[in-house]
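What follows is a single structure, written as structure tokens, with notes after it.
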Amino acid sequence: EKQEGEMHDRSDLELPGQQLQLLKDAVTFSAGAPVVLLLFNAGPLNVSWADESPSVSAIIECFYPAETAGTALYQVLTNAGGDSSPAGRLPATWPLLLDT
């Protein structure tokens with residue numbers, strides 16, 4: 001399945017492949033533990049299922065991060081250092097739906 005990239009736009013905003021099912025399975029098998037959805041992508045995606053799920057406690061848009069992404073995510077998720085401020089600001093507009 002093709003992903004977005006140079007000279008190739010996506011035809012819809014749905015999670016590619018079986019990723020929505022994988023997310024649903026993660027929520028099912030989390031046994032009530034909070035689930036954090038990390039998005040590694042180039043553009044907007046339909047994450048309405050996760051947004052509406054009480055089991056998904058956070059959605060973090062990572063885009064395509066650099067090599068220390070794991071360290072940065074750890075610091076944000078655990079407030080390591082005490083100065084983490086994940087405030088939900090995006091550098092781009094995120095559409096609610098794709099108007100075809």
Side-chain angles (χ1 to χ4, degrees):
E1 180 173 318
K2 289 187 175 185
Q3 304 296 321
E4 73 266 30
E6 289 292 323
M7 306 293 293
H8 175 71
D9 291 333
R10 296 180 50 127
S11 60
D12 61 49
L13 298 178
E14 301 308 312
L15 292 170
Q18 299 298 314
Q19 291 183 23
L20 179 58
Q21 186 59 52
L22 178 63
L23 173 59
K24 290 178 178 180
D25 290 347
V27 166
T28 299
F29 292 107
S30 71
V35 173
V36 176
L37 174 59
L38 302 175
L39 299 172
F40 293 88
N41 54 296
L45 292 169
N46 178 1
V47 292
S48 58
W49 187 89
D51 187 41
E52 295 167 0
S53 172
S55 297
V56 178
S57 58
I59 301 171
I60 299 177
E61 173 54 75
C62 302
F63 292 105
Y64 288 126
E67 66 182 78
T68 60
T71 301
L73 287 168
Y74 169 79
Q75 290 174 346
V76 167
L77 292 172
T78 63
N79 196 23
D83 61 355
S84 177
S85 179
R89 292 179 285 271
L90 290 173
T93 300
W94 196 282
L96 180 60
L97 54 93
L98 182 64
D99 188 17
T100 56

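These numbers come from a predicted model, not from an experiment. Position 1 is the first residue of the sequence, and the numbers go up from there.
- Distance alone, capped at 3.5 Å, is enough to place a donor-acceptor pair between the Ser30 side chain and the Val27 backbone.
- In this structure, the side chains of Leu45 and Glu61 stay at 4.5 Å or more apart for every pair of heavy atoms.
- Put simply, Leu39 and Trp49 are part of the same group of oily side chains (I, L, V, M, F, W, Y) that touch within less than 4.5 Å, one to the next.
- Residue Ile59 is not grouped with residue Tyr74 when hydrophobic side chains (ILVMFWY) are merged at heavy-atom distances under 4.5 angstrom, including chains of intermediate members.
- Leu77 places a side-chain heavy atom less than 4.5 Å from the side chain of Ile60.
- Cluster membership check: Leu73 does not share its hydrophobic cluster with Leu37, using side-chain heavy-atom separations under 4.5 Å among Ile, Leu, Val, Met, Phe, Trp and Tyr.
- The distance from the OH atom of Tyr64 to the CZ atom of Phe40 is 10.5 Å, given to the nearest 0.5 Å.
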